[in-house]
Amino acid sequence: IARRIIAWAAAGGLGIGRTVLAVISAPQFLEDPQSAAEQVWLASGKNAAANGGIMRTSILGVWNFQDEQAVRRNTEIGCQITHYDPRCVGSCVCATSIIQQLLLGADDLPALVAITQDAGNLYDARIAEYIELARQPEISKLELDQYEKIGYTLKALGASIWALLHANNFREGLLAVIHEGGDADTNAAVAGAILGAKFGYGGIPEEWANGLLRKNELEARVNALLDLNCGQSADESPA
């Protein structure tokens, strides 16, 4: 994964954040990315909690989703490749745990969010504030366009949990997050992952799915993942 991040950055790294750029510039990054990420975090005064980790790790809620401990451990490692702050790691674990539980059939969403908050508390007590805000019907409570905290990992987590609890469909949830502004593409990436797990592929507006750039390549990757993970291609999946 570290090598692929380096290759992506060398090819232009569209949207690369300050945290990721600092981490991949560390001399030990390819040999020990977690150490590089930790050093950048320490140099920030332990105050670098950007959203690049949670944007990237949602897929780890799908991989080996039958095993709760494996999902958690894979997510921790996957986040710490670039983002070491416990708020980053905890928010990533919250997001992948929600996705995992939705795939396993969880349908009591308030209970799922309560369990998620308990899991987040194991990493950083500051996570709970944003989960509480996400419980409110008004998405504006999250202040996603707050300039000083644009790009904050807990904003992205809060937006995704708000969409999980309050959106009636995929389109409604995703557009609500996007229209709040702020770091809208990242917030929508995380919310979209969770909404996808909630409503399934069939819940995505057809024109959105069919209009994807590189759609055939993406579908091939999805089917390869499904074959590895559960021996079932997207064409055969009831979702």
Side-chain angles (χ1 to χ4, degrees), residues 14-17 19-20 49-62 75 79 83 87-88 90-103 106-107 109-110 112-114 116-117 119-120 126-213 218 239:
L14 185 63
I16 192 168
T19 298
V20 173
N51 57 18
I54 194 170
M55 177 181 65
R56 186 184 68 238
T57 53
S58 296
I59 192 62
L60 295 175
V62 178
T75 303
C79 178
H83 292 71
R87 288 168 291 178
C88 297
S91 60
C92 289
V93 169
C94 287
T96 58
S97 295
I98 288 171
I99 291 168
Q100 176 201 26
Q101 291 302 315
L102 290 171
L103 293 177
D107 56 7
L109 299 183
L112 175 56
V113 170
T116 300
Q117 184 167 328
R126 289 169 285 187
I127 294 173
E129 174 189 353
Y130 285 84
I131 294 180
E132 287 296 336
L133 290 172
R135 288 191 170 98
Q136 305 303 312
E138 303 87 4
I139 190 174
S140 59
K141 298 288 188 182
L142 287 162
E143 296 182 307
L144 297 180
D145 61 347
Q146 182 183 13
Y147 180 77
E148 298 82 0
K149 291 189 175 181
I150 287 177
Y152 187 28
T153 189
L154 298 185
K155 295 275 189 181
L157 176 66
S160 66
I161 291 178
W162 181 91
L164 171 73
L165 291 173
H166 301 291
N168 295 310
N169 55 64
F170 187 95
R171 182 194 296 270
E172 175 186 299
L174 201 62
L175 290 180
V177 170
I178 291 169
H179 289 162
E180 285 299 298
D183 198 351
D185 54 350
T186 295
N187 295 338
V190 185
I194 287 179
L195 289 168
K198 177 182 179 181
F199 293 112
Y201 184 79
I204 300 173
E206 185 175 351
E207 67 272 23
W208 289 5
N210 291 338
L212 283 171
L213 296 175
L218 290 169

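Keep in mind the model is a prediction, meaning the values are calculated, not measured.
- The distance from the OH atom of Tyr130 to the NZ atom of Lys149 is 3.5 Å, given to the nearest 0.5 Å.
- In this structure, Tyr201 and Ala209 approach most closely via the heavy-atom pair OH-CB, 3.7 Å.
- When all heavy atoms of Ala114 and Arg135 are compared, the pair lying nearest together is CA-NH2, 3.6 Å.
- Between the side chain of Asn51 and the backbone N or O of Ile54, no donor-acceptor pair lies under 3.5 Å.
- For Trp162 (side chain) and Ile131 (main-chain N/O), no donor-acceptor pair under 3.5 Å exists by modelled atom type.
- Atom CD of Gln101 and atom CG of Leu103 lie 9.5 Å apart (nearest 0.5 Å).
- Here the CD1 atom belonging to Ile99 is positioned 8.0 Å from the CD1 atom belonging to Ile59, to the nearest 0.5 angstrom.
- Shortest non-hydrogen contact noted between Asn187 and Ala159 is CB-CB, 4.3 Å.
- Looking only at distances, no side-chain donor or acceptor of Ser97 sits under 3.5 Å from a matching main-chain atom of Cys94.
- Of the possible donor and acceptor atoms, none in the side chain of His179 sits under 3.5 Å from a partner among the backbone N and O of Leu174.
- Under the 3.5 Å distance criterion, the side-chain polar atoms of Lys155 are matched with a main-chain donor or acceptor of Leu142.
- Here CZ of Phe170 is found 6.0 Å from CG of Leu195. Values are rounded to the nearest 0.5 Å.
- The two residues Cys92 and Gly53 make their nearest non-hydrogen contact at SG-C, 3.4 Å.
- When all heavy atoms of Leu112 and Ile98 are compared, the pair lying nearest together is CD2-CG2, 4.1 Å.
- Considering CE of Met55 and NE2 of His83, their distance stands at 7.5 Å, rounded to 0.5 Å.
- For the pair His166 (side chain) and Gln136 (backbone), a donor-acceptor distance under 3.5 Å is present.
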Kindly determine whether Val190 and Ile161 satisfy side chain to side chain contact (heavy atoms under 4.5 Å, CB included), including the steps that lead there. CA-CA 9 Å; Val190 185; Ile161 291 178; over 6 Å; no
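- Note that the OG1 atom of Thr153 and the CZ atom of Arg126 stand 11.5 Å from one another [nearest 0.5 Å].
- Counting heavy atoms of neighbouring residues, nucleotides and ligands inside a 6.0 Å radius, atom CD of Glu206 does not exceed 12 of them.
- The two residues Leu144 and Glu180 come nearest to each other via the heavy atoms CD1-CB, 3.8 Å.
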